[in-house]
Amino acid sequence: MSISFRLFSPYLHKVAGQVLDLLLPPHCLSCGEEVEQAGHVCAACFTHLNLISAPACRKCGTPFTSEAAAGDDLTCQNCLDAPPPWDSGRAALVYDDWSRRLVLGLKYGDRTENAAFLARYMHLSARDLLIRDAILVPVPLHRRRLFARRYNQSALLAGELARMGGMTHWPDALMRTCHTRPLGHLALPQRRAVLHGAITVRSHRMAALRGRHVILVDDVMTTGSTLAACTVALRDHGAARVDVLSATRVCVTADRRHPASYP
């Protein structure tokens, strides 16, 4: 009687993982200390995990100081003054010294294992948005930057989210038509000028995009200008709804008197 190898594959996978952990003990993704399970952080680093929880702005994900500061509409003053083009916005973690280490490691340090860790908290922060009918689309890199980096960190995050939720992932839906200079030190008007017309939908995705719900995925939301440019491109080609989900959010605590960093 032949027994299918598939029957034993989960057991073999588990044993292989245990053997690998003995040979190469897993380390904390943040500080490098040994941990019990690969892809996690140690107890000390976990205490620095600055999760964004309710109440937070429903448009840009910036946390409020209190329920009273959030108001009935859960929208920060900046998003009230200049509403972003997307429908809803979420972020998992505040972009601080601790989360920066994970993001920069993923972005520039070949620490691709950080994507699964960050995606777990992104999934928790946006469970109501991550429905199976939605399409996960990462913010694109220009081909020159992609060639230098070898991978798109936002696409890795979107891929992990798709795997967790059984969702559709289009890593190639958007493209940058020109190589833009780094935006980190530019003011918002300058960012908008640089990004104008720089992002579009790839031709082979245009027809299938019409009428669909898209969730844009990025590693860091700062001013939201790149996400806005992506949203405009998706809307122009027929997307019915666009939400944004970021691993981290550059923010100050928002209330009606002290608005967040968006737009």
Side-chain angles (χ1 to χ4, degrees), residues 10 13-57 60-64 89-130 136 138-139 141 149-167 169 171 184 215-222 227 244-253 260-261:
H13 185 270
K14 181 179 179 181
V15 170
Q18 292 171 341
V19 171
L20 186 61
D21 286 347
L22 286 173
L23 297 174
L24 298 171
H27 292 82
C28 172
L29 296 176
S30 179
C31 71
E33 289 293 318
E34 286 192 17
V35 292
E36 292 185 2
Q37 188 175 355
H40 289 263
V41 297
C42 67
C45 286
F46 187 80
T47 63
H48 297 291
L49 196 67
N50 197 355
L51 294 172
I52 295 176
S53 57
C57 177
C60 72
T62 300
F64 288 101
R90 304 288 172 77
L93 298 163
V94 172
Y95 188 71
D96 54 18
D97 290 341
W98 188 86
S99 64
R100 184 184 297 114
R101 194 179 310 164
L102 289 176
V103 170
L104 294 185
L106 169 63
K107 200 167 186 173
Y108 302 114
D110 290 333
R111 298 293 302 273
T112 56
E113 66 272 21
N114 292 0
F117 178 84
L118 292 168
R120 285 198 294 271
Y121 291 99
M122 294 170 73
H123 191 270
L124 287 173
S125 71
R127 281 176 294 186
D128 58 323
L129 297 180
L130 294 169
L136 292 161
V139 169
L141 290 178
R149 199 174 295 173
R150 302 186 305 282
Y151 58 86
N152 178 354
Q153 72 280 353
S154 297
L156 294 183
L157 292 168
E160 291 290 343
L161 288 166
R163 182 184 59 80
M164 287 183 226
M167 299 173 65
H169 175 211
I215 300 176
L216 273 169
V217 178
D218 204 2
D219 56 341
V220 183
M221 186 195 301
T222 307
L227 289 164
V244 301
L245 174 57
S246 179
T248 60
R249 175 74 167 102
V250 176
C251 59
V252 294
T253 303
S261 60

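We use all heavy atoms of the structure for the numbers below, so side chains are in, but hydrogens, waters and symmetry mates are not.
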- Val94 versus Ser99: any side-chain heavy-atom pair under 4.5 Å? no
- Side-chain heavy-atom pair Ile215, Met167 within 4.5 angstrom cut-off: yes
Ignoring hydrogens and geometry, is there a side-chain-to-backbone donor-acceptor pair from [X] to [Y] under 3.5 Å?
X      : Y      : result
Arg249 : Tyr95  : no
Thr222 : Val250 : no
Asn114 : Leu102 : yes
Ser246 : Met221 : yes
Thr248 : Asp219 : yes

Show your working on side-chain contact (heavy atoms from CB on, under 4.5 Å) between Val35 and Val41 and close with a plain yes or no.
-> CA-CA 7 Å; Val35 292; Val41 297; over 6 Å; no
In Å and rounded to the nearest 0.5 Å, what is the [atom1] to [atom2] distance from [X] to [Y]?
X      : Y      : atom1 : atom2 : answer
Arg101 : Leu106 : CZ    : CG    : 15.0 Å
Leu49  : Ser30  : CG    : OG    : 10.0 Å
Arg120 : Leu161 : CZ    : CG    : 11.5 Å
Leu136 : Glu160 : CG    : CD    : 11.5 Å
Tyr121 : Leu51  : OH    : CG    : 6.5 Å

Over all heavy atoms of both residues, which pair between [X] and [Y] is shortest? Give the atoms and the distance, please.
X      : Y      : result
His123 : Arg127 : O-CG, 3.0 Å
Ala162 : His169 : CB-CB, 3.7 Å
Arg111 : Cys28  : NH2-O, 4.4 Å
Phe64  : Cys57  : CE1-N, 3.3 Å
Ala56  : Gly61  : CB-O, 3.8 Å
Leu157 : Met122 : CD2-SD, 4.0 Å

Would you check, one step at a time, whether the test side-chain contact (heavy atoms from CB on, under 4.5 Å) holds for Ile52 with Leu93? CA-CA 5 Å; Ile52 295 176; Leu93 298 163; 5.7 Å; no
Open item on the list: Please check if the number of heavy atoms outside Glu33 that lie under 6.0 Å from its CD is greater than 12.
Closed with: no
**Asked** When you look at CZ of Phe46, are more than 12 heavy atoms from neighbouring residues, nucleotides or ligands closer to it than 6.0 Å?
**Response** no
Item to check | CA sep, side-chain torsions, deciding dist, call: Leu129, Leu245, side-chain contact (heavy atoms from CB on, under 4.5 Å) | outcome: CA-CA 9 Å; Leu129 297 180; Leu245 174 57; 6.0 Å; no
Check the side chains of Arg90 and Ser125 for a donor-acceptor pair under 3.5 angstrom, ignoring hydrogens and angles. no
Item to check | Plane angle bin for His40 and Phe117 - parallel if under 30°, tilted between 30 and 60°, otherwise perpendicular | outcome: perpendicular
request  = Could you give me the CA-CA distance, side-chain angles and deciding distance for Tyr151 and Leu141, then say whether side-chain contact (heavy atoms from CB on, under 4.5 Å) is met?
outcome  = CA-CA 9 Å; Tyr151 58 86; Leu141 290 178; over 6 Å; no
